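Input: a single structure, listed below in C-alpha coordinates.
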Amino acid sequence: MPQHKLSLCRDCYPSWFLKQVKNTILKYKMFDKDERILVAVSGGKDSLSLWDALVKLGYNADGVHIYLGIKEYSDISLELSKKMSERLNKMLHIVDINELSNPISKIAKKNRRPVCSICGFVRRYILNKIALEKGYTCVATGHNLDDETAILLSNVLRWNVELLARQKPVLQKDDKLVKKVKPLCRLTEKEIKTYASISGFDFVEQKCPYSTNSTVNFLKEILNRIEEKSPGTKIQFYQKFVKVADVFKIKEEKLNYCQICGQPTTANICTFCRLLKS
Ligand code: SF4
Ligand code: ZN
(Lines give C-alpha, C1' and ligand atoms only; values in the text may rest on other atoms or scores of the structure.)
(Ligands and ions follow the chains in the order given, each with its own letter.)
Protein backbone atom coordinates (compact mmCIF):
# COMPACT_ATOMS: atom_id res chain seq x y z
CA MET A 1 0.00 0.00 0.00
CA PRO A 2 2.26 2.81 -1.29
CA GLN A 3 -0.15 5.51 -0.05
CA HIS A 4 0.50 4.28 3.51
CA LYS A 5 4.15 3.32 2.83
CA LEU A 6 3.19 -0.08 4.23
CA SER A 7 3.29 -3.76 3.24
CA LEU A 8 1.44 -6.36 5.29
CA CYS A 9 1.08 -10.15 5.29
CA ARG A 10 -2.26 -12.02 5.35
CA ASP A 11 -2.10 -12.47 9.13
CA CYS A 12 -1.54 -8.81 9.97
CA TYR A 13 -3.79 -7.27 7.32
CA PRO A 14 -7.24 -7.84 8.94
CA SER A 15 -6.26 -6.16 12.22
CA TRP A 16 -4.76 -3.20 10.30
CA PHE A 17 -8.05 -2.92 8.36
CA LEU A 18 -10.18 -3.04 11.52
CA LYS A 19 -7.99 -0.36 13.10
CA GLN A 20 -8.56 1.89 10.07
CA VAL A 21 -12.33 1.45 10.37
CA LYS A 22 -12.23 2.15 14.11
CA ASN A 23 -10.04 5.24 13.66
CA THR A 24 -12.44 6.61 11.03
CA ILE A 25 -15.43 6.09 13.35
CA LEU A 26 -13.60 7.88 16.17
CA LYS A 27 -12.08 10.64 14.01
CA TYR A 28 -15.43 11.72 12.60
CA LYS A 29 -17.37 10.93 15.82
CA MET A 30 -19.74 8.62 13.93
CA PHE A 31 -21.31 6.59 16.75
CA ASP A 32 -20.66 4.99 20.13
CA LYS A 33 -20.76 1.40 21.35
CA ASP A 34 -24.18 1.94 22.97
CA GLU A 35 -25.87 3.02 19.72
CA ARG A 36 -27.96 0.71 17.51
CA ILE A 37 -26.55 0.79 13.99
CA LEU A 38 -28.30 -0.33 10.84
CA VAL A 39 -25.95 -1.35 8.01
CA ALA A 40 -27.28 -1.02 4.46
CA VAL A 41 -26.30 -4.44 3.10
CA SER A 42 -26.32 -4.92 -0.65
CA GLY A 43 -24.36 -8.18 -0.77
CA GLY A 44 -21.31 -6.51 -2.33
CA LYS A 45 -17.79 -6.49 -0.85
CA ASP A 46 -18.13 -3.01 0.68
CA SER A 47 -21.32 -3.47 2.68
CA LEU A 48 -20.48 -7.03 3.78
CA SER A 49 -16.97 -5.99 4.89
CA LEU A 50 -18.44 -3.04 6.75
CA TRP A 51 -20.96 -5.20 8.60
CA ASP A 52 -18.32 -7.83 9.42
CA ALA A 53 -15.87 -5.14 10.65
CA LEU A 54 -18.42 -3.35 12.84
CA VAL A 55 -19.46 -6.57 14.54
CA LYS A 56 -15.82 -7.61 15.07
CA LEU A 57 -15.12 -4.18 16.58
CA GLY A 58 -17.92 -4.79 19.08
CA TYR A 59 -20.55 -2.42 17.67
CA ASN A 60 -24.23 -3.26 17.88
CA ALA A 61 -24.90 -3.53 14.14
CA ASP A 62 -27.82 -5.20 12.35
CA GLY A 63 -28.35 -5.21 8.59
CA VAL A 64 -31.06 -4.27 6.14
CA HIS A 65 -31.25 -5.60 2.61
CA ILE A 66 -33.51 -4.04 0.00
CA TYR A 67 -34.57 -6.61 -2.59
CA LEU A 68 -34.81 -4.59 -5.80
CA GLY A 69 -36.26 -7.25 -8.09
CA ILE A 70 -33.40 -7.02 -10.63
CA LYS A 71 -33.50 -10.65 -11.84
CA GLU A 72 -30.70 -13.00 -10.71
CA TYR A 73 -28.52 -10.09 -9.56
CA SER A 74 -31.02 -9.42 -6.75
CA ASP A 75 -31.39 -13.13 -5.91
CA ILE A 76 -27.61 -13.58 -5.46
CA SER A 77 -27.36 -10.33 -3.48
CA LEU A 78 -30.10 -11.44 -1.10
CA GLU A 79 -28.62 -14.90 -0.64
CA LEU A 80 -25.14 -13.57 0.22
CA SER A 81 -26.59 -10.96 2.59
CA LYS A 82 -28.50 -13.73 4.41
CA LYS A 83 -25.32 -15.82 4.59
CA MET A 84 -23.47 -12.96 6.28
CA SER A 85 -26.33 -12.47 8.73
CA GLU A 86 -26.00 -16.14 9.74
CA ARG A 87 -22.20 -15.90 9.94
CA LEU A 88 -22.37 -12.86 12.23
CA ASN A 89 -25.48 -14.08 14.06
CA LYS A 90 -27.06 -10.66 13.55
CA MET A 91 -30.54 -9.66 12.44
CA LEU A 92 -31.08 -8.90 8.73
CA HIS A 93 -34.21 -6.91 7.88
CA ILE A 94 -35.37 -7.62 4.34
CA VAL A 95 -37.53 -5.17 2.40
CA ASP A 96 -38.92 -6.59 -0.84
CA ILE A 97 -39.71 -3.82 -3.30
CA ASN A 98 -42.23 -6.15 -5.01
CA GLU A 99 -44.32 -6.15 -1.84
CA LEU A 100 -44.44 -2.34 -1.86
CA SER A 101 -44.89 -1.89 -5.58
CA ASN A 102 -43.09 -3.27 -8.65
CA PRO A 103 -39.50 -4.13 -9.58
CA ILE A 104 -37.39 -0.98 -9.63
CA SER A 105 -37.10 -1.02 -13.46
CA LYS A 106 -40.90 -0.93 -13.82
CA ILE A 107 -41.27 2.04 -11.45
CA ALA A 108 -38.56 3.87 -13.45
CA LYS A 109 -40.24 3.09 -16.79
CA LYS A 110 -43.64 4.26 -15.59
CA ASN A 111 -42.12 7.50 -14.29
CA ARG A 112 -39.83 7.97 -17.34
CA ARG A 113 -36.75 8.30 -15.12
CA PRO A 114 -33.35 6.50 -15.21
CA VAL A 115 -33.41 3.27 -13.18
CA CYS A 116 -30.45 4.33 -10.99
CA SER A 117 -32.02 7.63 -10.02
CA ILE A 118 -35.22 5.85 -8.90
CA CYS A 119 -33.18 3.12 -7.21
CA GLY A 120 -31.03 5.58 -5.24
CA PHE A 121 -34.07 7.54 -4.16
CA VAL A 122 -36.11 4.48 -3.14
CA ARG A 123 -33.19 3.03 -1.16
CA ARG A 124 -32.62 6.30 0.77
CA TYR A 125 -36.33 6.47 1.58
CA ILE A 126 -36.54 2.84 2.78
CA LEU A 127 -33.33 3.07 4.86
CA ASN A 128 -34.55 6.14 6.69
CA LYS A 129 -38.02 4.65 7.26
CA ILE A 130 -36.80 1.28 8.56
CA ALA A 131 -34.18 2.88 10.81
CA LEU A 132 -36.74 5.22 12.38
CA GLU A 133 -39.41 2.55 12.75
CA LYS A 134 -37.07 -0.02 14.30
CA GLY A 135 -35.29 2.40 16.63
CA TYR A 136 -31.79 2.53 15.08
CA THR A 137 -29.74 5.66 15.77
CA CYS A 138 -27.88 5.64 12.48
CA VAL A 139 -27.60 4.08 9.04
CA ALA A 140 -24.09 3.01 7.95
CA THR A 141 -23.30 2.61 4.25
CA GLY A 142 -20.28 1.02 2.56
CA HIS A 143 -19.11 4.02 0.49
CA ASN A 144 -15.35 3.68 -0.02
CA LEU A 145 -12.57 6.15 -0.79
CA ASP A 146 -12.77 5.51 -4.55
CA ASP A 147 -16.53 6.25 -4.58
CA GLU A 148 -16.15 9.32 -2.39
CA THR A 149 -13.25 10.90 -4.32
CA ALA A 150 -14.87 10.27 -7.72
CA ILE A 151 -18.13 11.88 -6.55
CA LEU A 152 -16.18 14.68 -4.88
CA LEU A 153 -14.30 15.41 -8.09
CA SER A 154 -17.56 15.38 -10.05
CA ASN A 155 -19.17 17.79 -7.56
CA VAL A 156 -16.11 20.09 -7.58
CA LEU A 157 -15.93 20.16 -11.38
CA ARG A 158 -19.52 21.42 -11.39
CA TRP A 159 -19.19 23.34 -8.08
CA ASN A 160 -22.39 21.67 -6.97
CA VAL A 161 -22.48 23.28 -3.53
CA GLU A 162 -25.66 21.50 -2.40
CA LEU A 163 -24.19 18.05 -3.13
CA LEU A 164 -20.82 19.02 -1.59
CA ALA A 165 -22.67 19.91 1.62
CA ARG A 166 -24.19 16.42 1.66
CA GLN A 167 -20.93 14.57 1.01
CA LYS A 168 -19.55 14.61 4.54
CA PRO A 169 -18.76 11.28 6.25
CA VAL A 170 -21.49 12.00 8.82
CA LEU A 171 -24.83 13.58 8.04
CA GLN A 172 -26.37 14.54 11.35
CA LYS A 173 -29.91 13.56 12.10
CA ASP A 174 -32.84 15.69 13.06
CA ASP A 175 -36.09 14.33 14.43
CA LYS A 176 -37.32 13.19 11.00
CA LEU A 177 -34.10 12.05 9.32
CA VAL A 178 -31.78 9.45 10.81
CA LYS A 179 -28.00 10.05 11.03
CA LYS A 180 -26.02 8.62 8.05
CA VAL A 181 -22.39 7.54 8.30
CA LYS A 182 -19.70 6.11 6.00
CA PRO A 183 -17.11 4.24 8.10
CA LEU A 184 -15.20 2.91 5.03
CA CYS A 185 -14.71 6.36 3.47
CA ARG A 186 -10.93 6.30 4.01
CA LEU A 187 -10.38 2.78 2.59
CA THR A 188 -9.94 1.99 -1.10
CA GLU A 189 -11.88 -0.61 -3.10
CA LYS A 190 -8.72 -2.69 -3.30
CA GLU A 191 -8.16 -2.59 0.46
CA ILE A 192 -11.77 -3.63 1.10
CA LYS A 193 -11.66 -6.43 -1.46
CA THR A 194 -8.46 -7.72 0.15
CA TYR A 195 -10.16 -7.74 3.57
CA ALA A 196 -13.17 -9.62 2.17
CA SER A 197 -10.96 -12.21 0.46
CA ILE A 198 -8.74 -12.83 3.49
CA SER A 199 -11.80 -13.01 5.77
CA GLY A 200 -13.16 -15.73 3.49
CA PHE A 201 -16.72 -14.61 2.82
CA ASP A 202 -18.47 -14.56 -0.53
CA PHE A 203 -19.72 -11.30 -2.01
CA VAL A 204 -21.51 -10.39 -5.23
CA GLU A 205 -18.84 -10.05 -7.90
CA GLN A 206 -21.11 -9.32 -10.85
CA LYS A 207 -22.19 -5.76 -11.49
CA CYS A 208 -25.81 -4.68 -11.43
CA PRO A 209 -27.06 -4.76 -15.05
CA TYR A 210 -28.02 -1.08 -14.76
CA SER A 211 -24.57 -0.04 -13.58
CA THR A 212 -23.57 2.20 -16.48
CA ASN A 213 -22.55 5.36 -14.66
CA SER A 214 -19.72 6.03 -17.05
CA THR A 215 -18.94 9.50 -15.61
CA VAL A 216 -18.14 8.17 -12.14
CA ASN A 217 -16.18 5.24 -13.61
CA PHE A 218 -14.27 7.61 -15.88
CA LEU A 219 -13.39 9.87 -12.92
CA LYS A 220 -12.29 6.80 -10.94
CA GLU A 221 -9.93 5.88 -13.79
CA ILE A 222 -8.47 9.39 -13.83
CA LEU A 223 -7.99 9.37 -10.06
CA ASN A 224 -6.33 5.94 -10.25
CA ARG A 225 -3.86 7.30 -12.79
CA ILE A 226 -3.06 10.29 -10.57
CA GLU A 227 -2.75 7.98 -7.55
CA GLU A 228 -0.29 5.76 -9.41
CA LYS A 229 1.97 8.74 -10.14
CA SER A 230 1.46 10.32 -6.75
CA PRO A 231 0.39 7.82 -4.04
CA GLY A 232 -1.72 9.33 -1.28
CA THR A 233 -3.47 11.90 -3.50
CA LYS A 234 -6.94 10.36 -3.05
CA ILE A 235 -6.85 10.22 0.73
CA GLN A 236 -5.49 13.78 0.93
CA PHE A 237 -8.10 15.07 -1.53
CA TYR A 238 -10.86 13.54 0.58
CA GLN A 239 -9.56 14.34 4.06
CA LYS A 240 -8.77 17.94 3.24
CA PHE A 241 -12.24 18.36 1.77
CA VAL A 242 -13.80 17.01 4.99
CA LYS A 243 -11.80 19.56 7.01
CA VAL A 244 -13.36 22.47 5.12
CA ALA A 245 -16.70 20.83 4.26
CA ASP A 246 -18.62 22.87 6.82
CA VAL A 247 -18.35 25.93 4.58
CA PHE A 248 -20.86 24.19 2.30
CA LYS A 249 -24.28 24.51 3.92
CA ILE A 250 -27.31 22.35 3.26
CA LYS A 251 -30.24 24.48 2.16
CA GLU A 252 -32.68 24.58 5.08
CA GLU A 253 -36.09 23.37 3.99
CA LYS A 254 -39.08 22.99 6.23
CA LEU A 255 -40.03 19.32 6.48
CA ASN A 256 -43.62 18.12 6.91
CA TYR A 257 -44.87 14.57 7.26
CA CYS A 258 -46.25 12.86 4.15
CA GLN A 259 -50.04 12.53 4.33
CA ILE A 260 -49.86 8.94 3.04
CA CYS A 261 -46.80 7.30 4.62
CA GLY A 262 -45.86 9.72 7.40
CA GLN A 263 -42.25 10.11 6.20
CA PRO A 264 -40.54 13.53 5.98
CA THR A 265 -41.15 15.58 2.86
CA THR A 266 -41.13 19.20 1.76
CA ALA A 267 -44.54 18.70 0.06
CA ASN A 268 -47.83 17.28 1.31
CA ILE A 269 -47.22 13.92 -0.33
CA CYS A 270 -43.64 12.59 -0.52
CA THR A 271 -41.88 11.71 -3.78
CA PHE A 272 -41.86 8.01 -2.89
CA CYS A 273 -45.65 7.87 -2.53
CA ARG A 274 -46.06 9.91 -5.73
CA LEU A 275 -43.78 7.48 -7.59
CA LEU A 276 -45.71 4.47 -6.34
CA LYS A 277 -49.03 6.08 -7.18
CA SER A 278 -48.01 6.68 -10.78
FE1 SF4 B 1 -29.56 0.52 -8.23
FE2 SF4 B 1 -28.35 1.53 -10.38
FE3 SF4 B 1 -26.90 0.60 -8.34
FE4 SF4 B 1 -28.25 -1.08 -9.91
S5 SF4 B 1 -26.52 0.24 -10.53
S6 SF4 B 1 -28.17 -1.14 -7.68
S7 SF4 B 1 -30.08 0.10 -10.37
S8 SF4 B 1 -28.29 2.37 -8.32
ZN1 ZN C 1 -45.10 9.22 1.53
Side-chain angles (χ1 to χ4, degrees), residues 39-51 63-81 94-133 139 141-144 146-148 150-151 154-155 163 166-167 175-178 180 182 184 189 192 203-220 253-278:
V39 181
V41 181
S42 68
K45 64 180 185 328
D46 301 320
S47 60
L48 293 184
S49 296
L50 171 62
W51 197 8
V64 56
H65 178 83
I66 302 170
Y67 182 84
L68 298 165
I70 306 174
K71 300 182 194 122
E72 72 260 37
Y73 171 76
S74 289
D75 295 337
I76 299 169
S77 306
L78 175 62
E79 194 192 312
L80 295 178
S81 303
I94 297 166
V95 181
D96 184 346
I97 192 79
N98 292 314
E99 283 172 16
L100 297 172
S101 170
N102 284 292
I104 213 83
S105 54
K106 215 166 176 184
I107 305 177
K109 203 170 168 192
K110 279 273 174 199
N111 287 281
R112 294 200 191 98
R113 297 256 302 269
V115 179
C116 291
S117 107
I118 296 289
C119 179
F121 174 79
V122 166
R123 280 186 295 158
R124 282 194 297 278
Y125 171 91
I126 293 175
L127 289 175
N128 191 63
K129 188 167 189 281
I130 294 282
L132 287 177
E133 281 175 4
V139 168
T141 56
H143 292 86
N144 60 46
D146 297 77
D147 302 326
E148 290 302 295
I151 295 166
S154 163
N155 290 339
L163 290 182
R166 292 181 188 280
Q167 223 203 313
D175 57 343
K176 299 186 186 84
L177 293 170
V178 79
K180 306 214 177 57
K182 302 170 189 169
L184 301 186
E189 275 178 16
I192 296 167
F203 53 87
V204 188
E205 301 242 27
Q206 72 189 82
K207 283 205 179 309
C208 169
Y210 297 106
S211 150
T212 52
N213 193 341
S214 52
T215 312
V216 171
N217 289 338
F218 176 61
L219 293 176
K220 278 186 182 177
E253 282 181 306
K254 194 179 170 303
L255 291 179
N256 311 308
Y257 289 111
C258 169
Q259 287 172 0
I260 298 175
C261 69
Q263 286 298 294
T265 171
T266 49
N268 291 333
I269 299 198
C270 76
T271 314
F272 182 80
C273 287
R274 275 187 276 138
L275 282 175
L276 294 202
K277 228 174 156 189
S278 64

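Since the structure is predicted, the reported quantities are computational estimates derived from the model, not experimental observations. As the structure lists them, so they are numbered: ligands from 1, and atoms in each ligand from 1. All residue numbers in this chain count up from 1 along the given sequence.
Between Leu177 and Pro264 the shortest side-chain heavy-atom distance falls below 4.5 Å. Residues Thr266 and Leu255 meet the side-chain proximity criterion, which asks for heavy atoms closer than 4.5 Å. Residues Ser105 and Tyr210 meet the side-chain proximity criterion, which asks for heavy atoms closer than 4.5 Å.
No donor-acceptor distance shorter than 3.5 angstrom exists from the side chain of Asn128 to the backbone of Val139, with no hydrogens or angles considered. Side chain of Ser154 to backbone of Ala150: no donor-acceptor contact under 3.5 angstrom is found. With hydrogens and angles ignored, the 3.5 Å screen pairs no side-chain donor or acceptor of Thr265 with any backbone N or O of Cys258.
Rounding to the nearest 0.5 Å places CZ of Phe121 at 10.5 Å from CD1 of Ile104. Within the model, atoms CG of Leu78 and CG of Asp96 stand 8.5 Å from one another, a figure rounded to the nearest 0.5 Å.
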Stepwise side chain to side chain contact (heavy atoms under 4.5 Å, CB included) check, Tyr125 with Gln263 = CA-CA 8 Å; Tyr125 171 91; Gln263 286 298 294; 3.5 Å; yes

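No more than 12 heavy atoms of other residues, nucleotides or ligands sit less than 6.0 Å from atom NZ of Lys109.
Protein N/O/S atoms closer than 2.8 Å to the Zn ion (ligand 2), listed by chain and residue number, are Cys258 SG, Cys261 SG, Cys270 SG, Cys273 SG.
Counting only heavy atoms of the protein, atom 8 (S) of ligand 1 lies nearest to Arg123 NH2, 3.3 Å.
For atom 2 (Fe) of ligand 1, the count of nearby protein N/O/S atoms, taking only those under 2.8 Å, is 1.
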